[in-house]
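Scroll down for the structure; my scribbles are underneath it.
Residue indices begin at 1 and follow the sequence shown.
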Amino acid sequence: MLDVLHREQVALRIHDGVFSAMDLTACHPRTGERLSTMKLMVQTLAADDELQRDLQRELTFDGLRAAEAKGSKGGRRPTVAAAKTETIRTAYLEGRSIAALARDHGVSRGAIRTAVADLLPEHTADERDVLAPKQPVTLDMPGKVADFLRSADLEPAERAALHQGATVRRGQGYTLRMTAVPAVHRQLLDRCQPLDGGQGLPAVPAQHKARREYENRVNAHEAPA
């Protein structure tokens, strides 16, 4: 990113906050080039940010391993209330689809899958609910989907997958080239379901299209050969 900014002669001026006294647009009076001290400051800030991100990722994985060693499963409390779980399981066995149950109870499809997890191997027709292979796969996530997910409430594994993704510029936008096991891709797809609208929220066409693109890529990978 720094190389791009320097090549395009884009400078940074901070108007408020702790760095407001610095003018990163300052140039040498004779050569007209950016002051070397200003370049160093930007590079230092970038390196500090990268270090913070890497440390956060390492601490997250260390915490997960420590929790697993203690026998803790971690994660959030089930979205589906215990009182509704048996009703959902019965309806699923009677032939109701996961998508229909999600609409009926106002939850995501991932929440329904969790409620009927032990029933999935016996009901694979047209639902793609078999256990996903554990080998990581790389898929391109549209930038509008990635932007939404970064502000969402995610599990540690989902958050780590986003942090590790590589940004690929596409014209005025970008995609996030992300490597994760198929189950994580499917969970992230469920998380961004609000981009389709519903529950009183309008759908933004560009966001809706972006989610559909990601859904098509996830489905294409899960489709049988």
Side-chain angles (χ1 to χ4, degrees), residues 49-50 52-68 70-85 88 98-117 120 128-129 131-132 134 136-167 173-204 206-215 217-219 222:
D49 182 68
E50 183 176 0
Q52 183 178 9
R53 183 189 64 182
D54 291 342
L55 287 175
Q56 183 181 21
R57 182 167 59 245
E58 292 171 4
L59 291 173
T60 297
F61 286 134
D62 289 343
L64 288 174
R65 285 194 294 268
E68 291 174 356
K70 295 179 181 179
S72 175
K73 295 182 178 179
R76 300 175 300 173
R77 294 182 178 180
T79 304
V80 178
K84 294 183 178 181
T85 299
I88 291 173
I98 286 180
L101 288 170
R103 289 193 299 269
D104 293 345
H105 294 274
V107 298
S108 69
R109 284 173 288 182
I112 299 298
R113 288 190 180 90
T114 300
V116 300
L120 295 180
R128 296 188 181 92
D129 293 325
L131 295 177
K134 295 184 179 180
V137 295
T138 301
L139 297 177
D140 284 352
M141 174 187 289
K144 293 185 184 302
V145 174
D147 292 341
F148 173 82
L149 290 173
R150 287 192 177 100
S151 61
D153 184 13
L154 303 179
E155 298 288 353
E158 299 166 355
R159 181 71 63 187
L162 281 179
H163 279 313
Q164 294 175 6
T167 299
Y174 76 97
T175 60
L176 189 67
R177 186 154 295 166
M178 194 179 66
T179 300
V181 295
V184 170
H185 281 294
R186 175 59 63 178
Q187 291 166 4
L188 290 171
L189 179 62
D190 290 335
R191 300 281 190 204
C192 63
Q193 190 173 7
L195 296 181
D196 285 341
Q199 300 184 5
L201 298 176
V204 178
Q207 294 178 335
H208 174 73
K209 179 181 179 182
R211 185 189 181 278
R212 288 302 180 190
E213 289 178 0
Y214 183 45
E215 183 176 32
R217 290 165 187 165
V218 174
N219 291 342
E222 294 179 347

Using atom types as modelled, flag every donor-acceptor pair under 3.5 Å from a side chain in residues 144-152 to any protein atom, sequence neighbours excluded.
residue	atom	partner	partner atom	Å
D147	OD1	R150	NH1	3.4
D147	OD1	Y174	OH	2.6
R150	NH1	Y174	OH	2.8
S151	OG	F148	O	3.0

- Query: Do any N or O atoms from the side chain of R217 and from the backbone of D140 form a donor-acceptor pair under 3.5 angstrom?
  - Reply: yes
- If only atom types and distance count, is the side chain of H185 paired as donor or acceptor with the main-chain N or O of V137 below 3.5 Å? yes
- Would you please name every residue forming a salt bridge (Lys or Arg N to Asp or Glu O under 4.0 Å) with R159, sequence neighbours left out? none
Grab the two heavy atoms, one from [X] and one from [Y], that are nearest each other, plus how far apart they are.
| X | Y | value |
| --- | --- | --- |
| L162 | L176 | CD2-CD2, 3.6 Å |
| A161 | V184 | CB-CG1, 4.2 Å |
| A115 | T85 | O-CG2, 4.1 Å |

- Stepwise, does the side-chain contact (heavy atoms from CB on, under 4.5 Å) test hold for E215 with L189? CA-CA 7 Å; E215 183 176 32; L189 179 62; 3.7 Å; yes
- Item | Close side-chain approach of M141 to T175, heavy-atom, < 4.5 Å | no
- Query: Does any non-hydrogen side-chain atom of I98 lie less than 4.5 Å from one of R113?
  - Reply: yes
- Query: Under a 4.0 Å N-O cut-off, is there an ion pair linking D153 with R191?
  - Reply: no
In chain order, what residues pass the side-chain hydrogen bond (donor to acceptor under 3.5 Å, both in side chains) check against [X], with sequence neighbours excluded?
| X | value |
| --- | --- |
| D62 | R65 |
| T138 | T179 |
| R103 | none |

- Between SG on residue C192 and CZ on residue R211, distance to nearest 0.5 Å: 4.5 Å
- Find the distance between CG (L188) and CG (L154) and round it off to the nearest 0.5 Å. 6.5 Å
- Message: My understanding is that only residues two or more places apart in sequence, or in another chain, count here; which of them pass side-chain contact (heavy atoms from CB on, under 4.5 Å) with R57?
- Response: R53, D54, F61, H163, Q164
